[in-house]
Protein chains: 2
Amino acid sequence: MKNKTRVVLNLDAVIVAVTRHHPRILTVSAKQNLPAIPSGPLHREDATLERSLRGWIEEQTGIEVGYVEQLYTFGDIQRGLPGAPNNPRSISVAYLALITEEHPTTSSASWINWYELFPWEDHRNGIPDILTKHLRPALATWAGNNAERNERVITAFGSDNRWDGMRVLERYELLYEAGLVKETSTRDALPESISGVPMAFDHRRIASTALGRMRGKLTYRPVVFELLSDTFTLLTLQRTVEAIAGVPLHKQNFRRLVERTRLVEGTGQRTNSPAGRPAELFRFRSEVLLERPRTGIGVPYR
Amino acid sequence: MKNKTRVVLNLDAVIVAVTRHHPRILTVSAKQNLPAIPSGPLHREDATLERSLRGWIEEQTGIEVGYVEQLYTFGDIQRGLPGAPNNPRSISVAYLALITEEHPTTSSASWINWYELFPWEDHRNGIPDILTKHLRPALATWAGNNAERNERVITAFGSDNRWDGMRVLERYELLYEAGLVKETSTRDALPESISGVPMAFDHRRIASTALGRMRGKLTYRPVVFELLSDTFTLLTLQRTVEAIAGVPLHKQNFRRLVERTRLVEGTGQRTNSPAGRPAELFRFRSEVLLERPRTGIGVPYR
DNA sequence: ACTCCTTATGCTCATAATGAGCACTTTATA
DNA sequence: TATAAAGTGCTCATTATGAGCATAAGGAGT
């Protein structure tokens with residue numbers, strides 16, 4: 001073996017909760033007061049990365065996370081501090097962690113709405129103006145008549161009737177490259193109300209990876225339930241899905257789907273709602289873990 | 001910062017090619033002559049992990065890989081050599097790399113059929129006997145009347161009419177845990193014709209992750225084309241998909257699908273087939289990169 | 001020239017899934 | 001007793017999916 005690069009390994013966690021239909025992630029404050037994703041070390045004693053991760057999350061925040069999934073490993077050189085070239089290389093293994101409630105925050109930690117980071121991703125009330133009035137024009141300017149750029153813009157941002165919710169990372173990276181977000185700190189950067197709240201380091205990239213992954217997963221695995229308490233109403237379920245997916249859903253059809261796939265079962269109980277007809281409380285049928293494989297390109301064998 | 005664990009980082013590559021309908025991965029020979037996935041270091045100079053990866057792949061094998069995608073980062077402690085407890089921890093960032101042809105192998109490298117590693121994954125000629133006659137019974141014995149084990153077996157191995165092609169890793173891990181594969185080297189291990197060819201370290205896990213990922217990706221992104229040369233017949237396309245997906249496809253429906261999504265376009269040319277009617281040669285329409293978002297759980301917005 | 005083999009294509013059909021509406025019920029609170 | 005909020009039932013057009021039958025087009029062999 002020749003030159004082994006010296007490496008420092010960190011475990012980053014995008015900790016997600018959905019509270020009152022707002023999808024939120026936990027942040028701590030880093031240099032220049034920018035929010036950052038919490039991060040911790042790999043402990044020598046821990047047999048697996050995930051165990052270390054759970055460990056420091058609980059130490060630092062008191063939260064015992066439920067569902068955890070590895071997201072991506074970031075190791076680009078820009079991550080290392082700009083200083084001496086002999087600095088060890090910084091490698092981050094990023095995880096997605098889901099919890100069922102918004103926990104009390106410690107002094108240094110706070111929750112931030114995912115759509116404050118990515119305002120253009122929230123289509124629950126239709127196509128956001130931010131997109132049509134600001135971002136797309138700005139991107140068009142950036143692309144000019146560079147064919148490749150234009151194609152990338154189209155692919156990532158689609159047109160109004162072709163919006164792929166999963167391409168969150170692609171979109172953020174494009175905005176980054178176009179110098180439209182604060183992280184690039186060019187004078188082209190749009191105001192935060194449009195380009196979203198900047199984060200420290202490349203953490204907004206990590207957050208966008210997480211959102212994209214969640215949206216993807218949603219379509220073929222019942223991850224929503226990791227965000228809900230034991231029992232919930234169907235409407236809450238729907239709103240939670242909408243919060244992640246970023247699009248409105250047709251109520252009747254949603255219920256039809258949920259029924260058909262038999263994802264949940266009713267407890268007899270009902271909510272005592274503040275107003276309106278009380279809703280029935282449901283619980284997740286964990287038997288469904290062997291649920292329908294993804295529907296997709298002509299692979300039969302259901 | 002407290003105790004930073006010392007870490008050695010490696011980049012592993014599952015290099016995939018499909019030749020004459022056989023999906024193959026490149027292996028090198030490791031200790032005890034077991035096949036291993038090629039692996040290389042992270043070079044300090046390279047700005048991204050991917051660049052390092054491409055670099056050593058070309059150095060070691062002469063192959064210039066096309067499509068590359070990060071798979072997973074493995075860091076479980078068993079990976080480290082069992083020796084001194086102060087050994088640095090071994091971390092592997094595994095990548096999936098697709099190439100269009102089976103390249104000439106160097107002295108130490110050779111290609112191995114994916115289904116020699118996972119014989120139970122090949123359903124192209126119906127449910128394999130290996131599964132019904134050997135694996136499922138063996139798993140049933142292992143599970144006994146342990147409810148949790150049984151549920152896991154069902155989830156991973158389904159029943160004959162519920163087989164989720166994507167759960168390759170889950171299945172391998174279960175077999176591993178049940179001591180049925182050679183890597184665990186218990187006397188329970190089934191013969192290689194049933195349990196598949198063992199690999200060094202945890203490399204069969206990595207390979208299974210890759211297969212699962214490919215099968216998943218296949219259903220919503222046109223990755224097949226990374227495995228094909230510029231022009232190809234529709235039947236070749238179909239056979240390639242089948243090779244990865246591990247299931248047979250209905251020819252006419254497959255063609256209908258390909259047409260509808262307008263993934264390919266015909267060149268006027270035809271093959272001079274050895275027998276039978278010549279097929280038209282097609283090429284991939286790269287314009288389709290903004291192709292249909294995944295179809296799935298009630299997220300509209302096509 | 002004809003037959004057979006092999007692969008490519010065209011078309012039909014039943015069933016299921018999807019996206020969108022309209023209308024109406026149920027229950028609690030003001 | 002209205003009103004708000006939430007739940008339900010049902011229809012309908014469109015598209016997707018899984019499966020089949022039938023036919024066309026070359027090439028090889030007789």
Side-chain angles (χ1 to χ4, degrees), chain A residues 20-21 123 126 161-163 165 219-220 231-242 245 247-282 291-302, chain B residues 20-21 123 126 161-163 219-220 231-242 245 247-264 266-282 291-302:
Chain A
R20 278 170 291 111
H21 317 157
H123 292 214
N161 48 355
R162 284 182 82 82
W163 175 263
T219 67
Y220 64 100
T231 62
F232 45 82
T233 70
L234 289 187
L235 191 55
T236 301
L237 176 61
Q238 181 183 342
R239 296 282 179 244
T240 308
V241 172
E242 289 173 333
V247 293
L249 300 175
H250 181 110
K251 195 199 274 193
Q252 298 92 314
N253 291 348
F254 180 78
R255 301 172 99 94
R256 177 176 63 186
L257 181 77
V258 170
E259 272 179 26
R260 181 167 52 78
T261 53
R262 317 209 322 128
L263 279 170
V264 300
E265 62 190 1
T267 73
Q269 305 168 52
R270 337 199 122 253
T271 51
N272 42 352
S273 27
R277 171 175 174 180
E280 183 171 4
L281 285 172
F282 289 80
E291 96 293 12
R292 53 107 86 101
R294 167 176 6 208
T295 139
I297 263 198
V299 177
Y301 256 64
R302 288 300 158 76
Chain B
R20 278 170 291 112
H21 317 158
H123 292 214
N161 49 356
R162 284 182 81 83
W163 175 263
T219 67
Y220 64 101
T231 62
F232 44 82
T233 69
L234 289 186
L235 190 56
T236 301
L237 176 60
Q238 181 183 339
R239 295 286 180 241
T240 308
V241 171
E242 289 173 333
V247 293
L249 301 175
H250 181 111
K251 197 199 271 194
Q252 297 92 316
N253 291 348
F254 180 78
R255 303 170 96 93
R256 176 177 62 187
L257 181 75
V258 170
E259 274 179 26
R260 181 167 51 78
T261 52
R262 315 210 323 129
L263 279 169
V264 300
T267 73
Q269 306 168 50
R270 339 201 120 250
T271 51
N272 41 351
S273 29
R277 171 174 173 181
E280 183 171 3
L281 285 171
F282 288 80
E291 96 293 10
R292 52 110 83 105
R294 170 179 358 214
T295 141
I297 264 198
V299 177
Y301 256 64
R302 289 299 160 74

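Each chain gets a letter, A, B and so on, in the order its sequence line appears, and its residues count up from 1.
- Nearest nucleotide to the side chain of A:Gln252, out of D:dT8, D:dG20, D:dT17: D:dT8.
- Summarising the geometry, the separation between CZ on A:Arg255 and P on D:dC10 is reported as 15 Å, rounded to the nearest angstrom.
- Contact annotation for A:Arg256: base contact, defined as any heavy-atom pair under 4.0 Å involving a base atom.
- Applying side chain to side chain contact (heavy atoms under 4.5 Å, CB included) to A:Phe282 and the options A:Leu234, A:Thr231, A:Leu263 leaves one that passes, A:Leu234.
- Between B:Arg260 and D:dA16 there is a side-chain N or O to OP1 or OP2 distance below 4.0 Å.
- Residue A:Ala279 places its side chain closer to D:dG7 than to any other of D:dA19, C:dT27, D:dG7.
- Atoms CZ (A:Arg270) and P (D:dA5) sit 19 Å apart, rounded to a whole Å.
- At least one side-chain nitrogen or oxygen of B:Lys251 sits closer than 4.0 Å to the OP1 or OP2 atom of C:dA8.
- Summary of the strand contacts: B:Leu235 and B:Asn253 both lie near DNA chain C, and taking for each the nucleotide with the nearest heavy atom, the more 5' one is attributed to B:Leu235.
- When the nucleotides C:dT9, C:dA28, D:dA16 are ranked by their closest atom to the side chain of B:Leu234, C:dT9 comes out on top.
- Here C:dA20 presents its P atom at 10 Å from CG of A:Leu249, a figure rounded to the nearest Å.
- Among D:dA19, C:dG21, C:dT18, the nucleotide with an atom closest to any side-chain atom of A:His250 is C:dG21.
- Taking each heavy atom of A:Lys251 and A:Leu235 in turn, the nearest pair found is CE-CD1, 4.1 Å.
- Comment: B:Arg256 does not engage B:Glu259 in a salt bridge, judged by the lack of any side-chain N to carboxylate O separation of less than 4.0 angstrom.
- Nearest heavy atoms, B:Glu242 versus B:Leu249: OE2-N, 2.7 Å.
- Counting any heavy atom pair closer than 4.0 Å across all strands shown, B:Glu280 reaches sugar-phosphate atoms only and no base atom.
- For the pair A:Gln238 CD and C:dG19 C1', the computed distance is 14 Å after rounding to whole Å.
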